[in-house]
Amino acid sequence: MPARPDKKAVAEVLEEIATLLALQGENVFKVRAYENAARALTRTREPLDELIRTGRLQSVRGIGSSTAKVIREYYETGEPPALLRELRAKTPPGLLELLEIPGLGPQRVRLLYEKLDIRTVADLEYALQENRLQLIEGFGPRTIETIRQGLELYRAASGRFLLGKVYPLARAIEAFFRQRWPGPVRLVGSVRRWCPVVGNVNLLLQGVPPSDPSGLGLDQAPVRLDVVEFQDPTWWLRVPSVGLPVVLTWVPAEDWPWAVRYYTGSREHNQAFQAWTTRQGYAWVGLRLQKDGVPLSLPSTGTADGVYGDEPIFERLGLAWLPPEVREGQDEIERAARGDVPRLIEPSDVRGVLHVHTHYSDGADSLQEIVETARDLGLEYVGISDHSPAAYYANGLDPDRLLHQWAEMEEVQRRIPEVRILRGMEVDILPDGRLDLDDDLLERLDFVVASVHSRFQMPRAEMTERIVRAMRHPCTTILGHPTGRLLLGRKGYEVDLDRILEVAAETGTLIEINANPYRLDLDWTHLERARRMGVRFSIDPDTHRKSDLGDYVYGVGIARKGWLTAADVANTRPVLELLELLRQKRRRRA
Ligand SMILES: [Zn+2]
Ligand SMILES: [Zn+2]
């Protein structure tokens, strides 16, 4: 039996049909029918199986007979519906790529195609260069500038991948080679350092590479791996489904610690390491160090389980070992020399998570499903925070629906007593800095994530004051995704971050480390500074489906890059301590 698509998957298919219809210039009512059906399906609380089984799809407002037919077809076959296949076939593939450029929607892409025959990103770039876009009626200077900036962002992003998309793949590929290869295998490079955006997956293997790729049984790999090139001692592979390069480098046993060290650090880290060792009177010969012509001997080769591999080098040089995440060329070598390397936060330190969406707003899953998943992950608590009314595009909750949700929380809590459900809301920070919910309701919440979701273009001073005002509200416990950036998509809004961190420390407002792989906001480069200013953090998954609840580990990776310890992060506390911490601010301001 084919796997049954869930609501989110069905909604995505409907949205794609709407997009392709719009690209074809279909009439706007037909396009909207599919958009509306997608939205209606996301919003309805009725389970999809139930609607299909009882033949009541069309009883959902927004789903008509033709959209219901497509939904049933997809649900029953698990295959893209005929309409979608047909639309895909007659749309030039480059147009879909153009849609990925920030600022370009179906209407604009269709105009570019019809009026200027722009079919690819390269066509667009050329046309921009030639100032041809102004030939299209309705494309004013501001529109053209938006497109130009969007294209720049898109270009900067090409060949770059979100860590959250690559990490599970990288670990699976590493596990595969560990199974196939008799010697040690280590993940190195930017993925091992938990960089938010990465270019490839790098693996080191100890030994001599097989003479030809068939010796590795790549056809058994968990994902398809194509060999692009092999040249002793390096193989370049590629995951064709996502275009991700995978680089395998073979290293002889005697070079192992040196190679692990070299391939793990960023270029800046390696330069700093080289400068430091040179100051200590060492000379470099390839990857290795020597002093007065004598090669540095290492205590052991360190390839046992639970050992990363380059510990002996640090030990021999009298440096504290540096976790890969911090090897970015900041001041880590000096810290290692001072022995100032604390035990950084680990995923297992996280006791529970806040900032989770359910199908009450724009999430895909029910309260019950979320809490069950939290239990399966071994979490002690889960904080539900659906959107407030101003976030109408995300189906924000009015007070009635919020009260309804609280009632359901009590029911689910009775059924699943092991996981404490915390009552929260992600409340919009309105343009003037007020919170989008009345105080009497705010006061009845365990926590409030205050976030900016509108008017991103505000001038810097105004945006800063807007956020500061929201943080001064006694009920604001967490500032959500503090800069609003979307990785590979949108720069954060203009804001005086130091001022915001200052007020966060002063008011006891937690700064969010939003662990959603598209955000990872606040960026790791600010964390250490914020911590020194007295700021405390909350690592929040900001998930919209239960399967992403474990994404908080990306937030932990980011926190480690910023040198944070468990003590710096609120949700490493047991639930009663956390609740006490959340209440402190309200009391302080009362
Ligand atoms: Zn948000
Ligand atoms: Zn959110």
Side-chain angles (χ1 to χ4, degrees), residues 8 42-43 162 164 196 352-367 369-370 373-374 381-397 401-402 405 421-431 433-437 442 445-458 463 466-467 470-471 473 475-487 489-493 495 500 504 509-523 537-552 554-555 558 570-571:
K8 198 112 180 169
T42 311
R43 280 184 190 181
L162 296 177
V353 292
L354 310 176
H355 198 167
V356 174
H357 297 274
T358 71
H359 68 181
Y360 273 86
S361 64
D362 56 352
D365 298 306
S366 69
L367 206 49
E369 290 169 303
I370 296 285
T373 308
Y381 47 90
V382 61
I384 304 299
S385 59
D386 277 305
H387 286 285
S388 65
Y392 58 89
Y393 52 86
N395 198 20
L397 275 64
R401 292 178 58 224
L402 184 61
Q405 189 183 45
I421 306 172
L422 302 182
R423 228 191 232 179
M425 191 171 222
E426 181 175 18
V427 178
D428 267 39
I429 300 177
L430 299 172
R434 281 179 306 122
L435 297 183
D436 180 34
L437 196 71
L442 286 170
L445 292 165
D446 293 320
F447 71 100
V448 171
V449 182
S451 306
V452 169
H453 290 126
S454 62
R455 301 275 308 275
F456 297 130
Q457 309 300 334
M458 264 188 183
M463 184 61 102
R466 173 185 184 183
I467 294 173
M471 284 196 295
H473 194 294
C475 290
T476 300
T477 29
I478 301 172
L479 175 63
H481 40 76
T483 72
R485 68 123 174 245
L486 289 179
L487 290 165
R490 178 175 83 205
K491 282 189 235 157
Y493 24 80
V495 81
I500 284 175
T509 309
L510 299 171
I511 288 290
E512 180 170 81
I513 298 176
N514 189 298
N516 185 312
Y518 286 90
R519 295 188 181 272
L520 300 180
D521 177 15
L522 192 60
D523 191 70
F537 305 88
S538 181
I539 296 179
D540 301 344
D542 192 5
T543 51
H544 295 75
R545 58 203 308 173
K546 61 183 179 188
S547 53
D548 296 340
L549 203 61
D551 278 358
Y552 66 84
Y554 298 111
I558 291 310
N571 52 316

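Because the structure is a prediction, the values reported are computed rather than measured. First listed ligand is number 1; within each ligand, the first listed atom is number 1.
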Verdict with supporting geometry, Gln405 and Leu397, side-chain contact (heavy atoms from CB on, under 4.5 Å): CA-CA 9 Å; Gln405 189 183 45; Leu397 275 64; 3.7 Å; yes

side-chain contact (heavy atoms from CB on, under 4.5 Å) between Leu354 and Phe447, worked out: CA-CA 8 Å; Leu354 310 176; Phe447 71 100; 3.9 Å; yes

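For the pair Asp540 (side chain) and Asp542 (backbone), a donor-acceptor distance under 3.5 Å is absent.
The Zn ion (ligand 2) lies at 2.8 Å or more from every N, O or S atom belonging to His481. At least one N, O or S atom of Glu426, from either the backbone or the side chain, sits less than 2.8 Å from the Zn ion (ligand 1). For residue His387, no N/O/S atom approaches the Zn ion (ligand 2) to within less than 2.8 Å.
We find the CE-CZ distance between Met463 and Arg455 to be 8.5 Å, quoted to the nearest 0.5 Å.
Taking the Zn ion (ligand 2) as reference, the nearest N/O/S atom within Asp542 carries the name OD1.
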